[in-house]
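Side chains included, hydrogens not; waters and symmetry mates left out as well; all remaining heavy atoms used. Just so we're clear, the structure is a prediction, and the values are computed from it rather than from any experiment.
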Amino acid sequence: MIRQHIIPRHLRGEKHFHWRGGDVSRIEGLSDGVFAFALTLLVVSLEVPDTFDQLKEAFLQLPAFAACFAFLILCWYFHYRFHRRYGLETLGAAVLNACLLFVIQVYVYPLKFLATYLFNGLVGVSNMVPGPDGAPVPAIRSADMDTLMLIYALGFAGIFFLFAMLNWMAWRKRDELGLDELERYQTYIEVRAHLLSVVIGLLSAVLAWIGGRWVPWAGIIYFLMGPLHGIHGWYSGTRLERLIRNRTEA
């Protein structure tokens with residue numbers, strides 16, 4: 001509580017959104033531990049390399065590790081911002097939060113496996129692994145790629161669906177939380193943005209489920225995230241600026 005009086009408000013939150021979250025709650029404490037554990041599971045290798053060749057091989061995995069790390073940190077930030085903005089600790093928020101943590105933990109291995117497989121292909125590193133008899137075998141068979149993409153897509157859609165539901169809960173309690181016009185609109189933007197990610201994930205899942213020649217498109221479709229979220233951000237930001245300008249002039 002002391003830091004609220006020492007640190008200026010604009011350095012503790014958002015300029016146009018009053019943070020209602022107080023001290024770190026039990027929900028946030030548990031969540032931070034789960035996110036930390038998920039990040040630990042992404043580590044390139046739990047063993048210190050014995051040779052320089054092993055060290056170089058480990059460093060070749062850094063791009064895949066960085067991509068997975070960035071995604072989980074983004075999820076952590078969405079989670080952190082939600083609890084700072086609203087400070088919701090209701091039973092419903094706790095249940096949705098628990099579901100989110102469960103999906104993230106389950107999602108870590110498909111995320112790491114797919115990222116490593118793709119980056120190895122890009123840099124020309126073999127995707128062969130030792131088989132049961134020690135002979136090299138492919139890390140994944142071509143016939144299983146549709147299943148991998150389906151698992152990845154459902155996990156991706158599930159994470160952002162739960163983020164959307166958490167923010168929708170805050171929207172439904174907007175009167176109890178005392179959200180003003182700007183805060184209500186920003187909450188609505190957050191719900192809409194997460195649902196946009198859900199749509200991309202579900203489209204990928206459908207393409208993976210169809211299989212065949214559509215499996216590569218199940219991965220390519222994620223490149224729509226940038227343009228779609230860019231357009232959504234521009235449209236939402238334009239209206240938000242208008243609301244801010246109207247408030248200033250009032």
Point to revise | Working for side-chain contact (heavy atoms from CB on, under 4.5 Å), residues Glu14 and Gln186 | key: CA-CA 11 Å; Glu14 300 169 81; Gln186 289 180 79; 4.2 Å; yes

pair [X]-[Y]: side-chain heavy atoms closer than 4.5 Å:
X     : Y      : result
Thr90 : Met169 : yes
Leu88 : His83  : no
Trp76 : Asp32  : yes
Phe37 : Gln105 : yes

Do [X] and [Y] land in one hydrophobic cluster if side-chain heavy atoms of ILVMFWY residues count as linked below 4.5 Å?
X      : Y      : value
Phe163 : Val103 : yes
Leu42  : Ile73  : yes
Val95  : Met165 : no
Phe223 : Leu122 : no
Val24  : Tyr77  : no

Practice item. Determine whether the aromatic ring centres of Phe82 and Tyr86 lie less than 6.0 Å apart. Key: yes

Review point. Taking the six-membered ring for Trp, are Tyr107 and Phe71 ring centroids under 6.0 Å apart?
Key: yes

On a heavy-atom basis, which atom in [X] and which in [Y] lie closest, and how many Å separate them?
X      : Y      : value
Pro110 : Tyr152 : O-CD1, 4.4 Å
Leu166 : Ala93  : CD2-O, 4.0 Å
Ala157 : Val198 : O-CG2, 3.6 Å
Phe113 : Ala139 : CZ-O, 3.6 Å
Ser31  : Leu101 : OG-CD1, 3.7 Å
Ala205 : Ala153 : N-CB, 3.5 Å

Check your understanding: How about Ser197 and His229: does a side-chain donor come under 3.5 Å of a side-chain acceptor?
Key -> yes

**Study point:** Polar side chain donor-acceptor pair, Thr187 to Arg174, under 3.5 angstrom
**Key:** no

Check your understanding: Do NZ/NE/NH1/NH2 and the carboxylate oxygens of Glu183 and Arg85 come within less than 4.0 Å?
Key -> no

What side-chain donor-acceptor pairs closer than 3.5 Å can you find for residues 206-222, not counting sequence neighbours?
unit_1: Tyr222; atom_1: OH; unit_2: Ser204; atom_2: OG; d: 3.2

Is there a donor-acceptor pair under 3.5 Å between the side chain of [X] and the backbone N or O of [Y]?
X     : Y      : answer
Glu28 : Ser25  : yes
Gln61 : Asn120 : no
Arg20 : His18  : yes

Practice item. Please lay out, stage by stage, how Met145 and Tyr117 fare under the test side-chain contact (heavy atoms from CB on, under 4.5 Å). Key: CA-CA 11 Å; Met145 280 301 298; Tyr117 182 84; 4.2 Å; yes

**Study point:** Residue among Arg192, Glu190, Arg184 satisfying side-chain contact (heavy atoms from CB on, under 4.5 Å) with Tyr188
**Key:** Arg192

If you round to the nearest 0.5 Å, how far is [atom2] of [Y] from [atom1] of [X]?
X      : Y      : atom1 : atom2 : answer
Leu240 : Tyr235 : CG    : OH    : 12.0 Å
Cys99  : Ile104 : SG    : CD1   : 11.5 Å
Ile27  : Asn97  : CD1   : CG    : 5.5 Å
His79  : Arg84  : NE2   : CZ    : 10.5 Å
Cys68  : Leu114 : SG    : CG    : 8.5 Å
Ile189 : Trp171 : CD1   : CH2   : 10.5 Å

Review point. Considering residues, nucleotides and ligands other than Phe161, do more than 12 of their heavy atoms fall under 6.0 Å from its CZ?
Key: no

